[in-house]
Amino acid sequence: MKNKAYLQCIIPSCGRKYSVDDVRTECDCGNLLDVKYEGNFSKKLEETFRDRKNPRENIFNESGVWRFRELINFVGVDSEDANGYSKIFVSFDGAEGRTRPYEMSKVAEYVDMPKENVLFQPEGLNPSGSFKDNGISTGLTHAKMLGIKEVICASTGNTSASLAMYAANENMKAAIYIPKGEIAPGKLSQAFQFNADIHQVNGNFDDALRVVLNRGREGAYVMNSVNPFRLEGQKTIIYRVLEYLDWDPPDWIVFPRGNMGNCSAFGKAIMELCDWGWIKKKPRFVSVDAAGSNTFYRLYNGLYKDERLKWSGGEVNEKLINEFYDFLEDEGIKPKTNATAIQIGKPVNIKKGLRSLDFVDGISVQVTDKEMENGVAIVGNNGFDCELASAACVAAIKNLVEQEIIRKDEKVVGILTGRLKDPQMIVDYRSHSDNRFANPPKSVIKIR
Ligand SMILES: *Cc1c(COP(=O)(O)O)cnc(C)c1O
Ligand SMILES: [Zn+2]
């Protein structure tokens, strides 16, 4: 099965179309692009996807990304022809996307919800340790389809880890641009381990991304979430949530806000499924900012100049965004949080993010580093690990239940975006008796 794919500007009043063979991450009008497919997709595919859970020695059925290949088939290969697609789909031997939601009883108790109503999907179980593998496998597939040999990205750590891993595996070159001193040691070591070309930027992530986007305009292949082919892979995070719930959407889906790639991809997944008639109910999104890096929270909730930033059918108030960024610059305010994965001041997918939240009636909240630390610990008490940024969703759910915005009889799914790559943070947290879930060593045993 194949539906012809093309690129289209996200702004309805522009709507320009481009070929999927183009290397571009923006429309001539400067806005972002979507991958679009002609025609419709039959809900019968749900059975096909479930059937592939018996992989029959096909790694592309094992992959939680390519198991849904009909819905992300921008390559336009026959989805039943394993010989054909195995030459082009990029996969880490089927290991990416093998995740699903789990009940976590201790976390449920902590957020004060019945355990069957609050589920968490640990994307840290991906081969490079974060959800990024969902998107890099499809993004790199597009690069491979065009015969590209070198790809680049800016990163807060997990994108570079994932890209470096996949590129090494595909014998491609990865050049990564990272803010010096601002990424977790475990993530940095992955870039070294997978032998990427590392460029350290003396600045923050937003500065590093600007460098990369400029290189992109000169023709380099950019693998950040402005790449619409990457976001196609990230849609499968939602497919797995829905499949687990028999395609009956939850009331809420909660996730941390960085560059808003997930917000964009998750929203696109929901919009398409509604469009094709697979689902009727729209799960509401909760996009969670770190309090120390809360540009989106402030803009979306009208905490700057009393005006709420909205999608408005594509007529987004860019002036408000730019004024706010200038204001931050003038005041010398830089995003600052220990959750470095979401220490992003200028989310590049902001318009797509707004479109998603508009479609699903989403909200934006903020949580403190301390709340995230407690979240990491309580997830740990359930036998899972996640990094600080990921625990933003635990903290947000707790607050929203307290505020009665999330009701206890509603169904909530939190996306734990990545696993722990800063082990010292945990040792410090558990060792320090002031912390809510402290658990210092019980004794020191002297051996003579
Ligand atoms: C990249 C990343 C994020 C941010 O995701 P966006 O899609 O950019 O909003 C959040 N958590 C972790 C662990 C990440 O690696
Ligand atoms: Zn356009």
Side-chain angles (χ1 to χ4, degrees), residues 7-18 24-34 121-126 128-136 153-163 178 183-184 186-187 190 205-206 209 223-227 230-231 233-235 237-238 254-268 285-290 293 295-296 314-316 335 337-353 356-357 364 372 375-376 379 385-393 414-422:
L7 289 170
Q8 186 166 33
C9 179
I10 63 164
I11 305 298
S13 64
C14 171
R16 259 172 273 196
K17 295 180 181 178
Y18 303 91
R24 59 158 68 231
T25 57
E26 57 187 30
C27 178
D28 289 339
C29 79
N31 281 293
L32 296 165
L33 299 167
D34 278 323
Q121 183 156 300
E123 290 295 320
L125 297 178
N126 274 286
S128 84
S130 82
F131 78 83
K132 300 295 196 302
D133 295 352
N134 292 280
I136 299 298
C153 73
S155 185
T156 58
N158 277 333
T159 301
S160 52
S162 178
L163 184 60
I178 46 181
I183 81 172
K187 300 176 186 177
Q190 285 177 293
F205 171 80
D206 300 305
L209 184 59
M223 203 54 86
N224 284 95
S225 48
V226 290
N227 181 326
R230 183 180 136 183
L231 295 189
Q234 288 171 221
K235 290 191 309 191
I237 298 169
I238 294 303
V254 190
F255 48 85
R257 190 283 294 175
N259 237 340
M260 304 194 87
N262 275 336
C263 190
S264 306
F266 296 178
K268 184 170 190 278
F285 291 177
V286 182
S287 167
V288 191
D289 277 19
S293 173
T295 40
F296 188 75
E315 306 304 312
V316 176
T337 165
N338 287 331
T340 47
I342 52 172
Q343 185 174 263
I344 294 179
K346 300 176 178 177
V348 70
N349 291 298
I350 191 163
K351 286 191 183 175
K352 278 188 181 177
S356 295
L357 294 183
S364 161
M372 289 188 262
V376 170
V379 166
D385 78 50
C386 73
E387 68 166 80
L388 205 54
S390 311
C393 67
I415 308 297
L416 298 174
T417 45
R419 73 180 306 172
L420 191 72
K421 297 184 184 178
D422 190 357

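Order of appearance sets the numbers: ligands from 1, and atoms from 1 within every ligand.
- For ligand 1 and Gly261, the ligand atoms under 4.0 Å from any heavy atom of the residue are 6 (P), 7 (O), 8 (O), 9 (O).
- With ligand atoms numbered from 1 in the order given, ligand 1 contributes 13 (C) to contacts under 4.0 Å with heavy atoms of Glu387.
- Smallest separation of non-hydrogen atoms from Ala389 and Ala341: CB-CB, 3.8 Å.
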Legend entry - Worked check of side-chain contact (heavy atoms from CB on, under 4.5 Å) between Asn158 and Glu387: CA-CA 11 Å; Asn158 277 333; Glu387 68 166 80; 3.1 Å; yes

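- Below 4.0 Å from some heavy atom of Met260 lie the following atoms of ligand 1, by number and element: 6 (P), 8 (O), 9 (O).
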Legend entry - Stepwise side-chain contact (heavy atoms from CB on, under 4.5 Å) check, Thr25 with Leu33: CA-CA 6 Å; Thr25 57; Leu33 299 167; 5.9 Å; no

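- Between the Gln121 side chain and the Ile237 main chain, a donor and an acceptor come within less than 3.5 Å of each other.
- Side chain of Arg419 to backbone of Gly129: no donor-acceptor contact under 3.5 angstrom is found.
- Of the protein's heavy atoms, Asn259 N, 2.8 Å lies nearest to atom 8 (O) of ligand 1.
- Residue contacts with ligand 1: Thr417 is placed with a nitrogen or oxygen under 3.5 Å of a nitrogen or oxygen of the ligand (distance criterion only).
- Close contacts of ligand 1 with Ile342, meaning ligand atoms under 4.0 Å from a residue heavy atom, involve 10 (C).
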Inset, instruction - Could you go through the side-chain contact (heavy atoms from CB on, under 4.5 Å) check for Ile342 and Asp289 one step at a time? - result: CA-CA 7 Å; Ile342 52 172; Asp289 277 19; over 6 Å; no

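- Contacts between Asn262 and ligand 1 below 4.0 angstrom, taking non-hydrogen atoms only, involve backbone and side chain alike.
- Applying the 4.0 Å criterion to heavy atoms of Asn158 picks out, from ligand 1, the atoms 13 (C), 14 (C), 15 (O).
- For the residue pair Arg230 and Ser225, the shortest heavy atom distance occurs at NH1-N, 3.3 Å.
- Between Lys351 and Asn31, the shortest heavy-atom distance links the atoms NZ-OD1, 2.8 Å.
- The angle Cys27:SG - the Zn ion (ligand 2) - Cys29:SG amounts to 110°, with values rounded to 10 degrees.
- Contact analysis puts Phe131 in contact with ligand 1, with a non-hydrogen atom separation below 4.0 angstrom.
- Between Gly258 and ligand 1, an N or O atom pair is found at a separation short of 3.5 Å.
- Considering backbone and side-chain N/O of Lys132, one or more are found under 3.5 Å from N/O of ligand 1.
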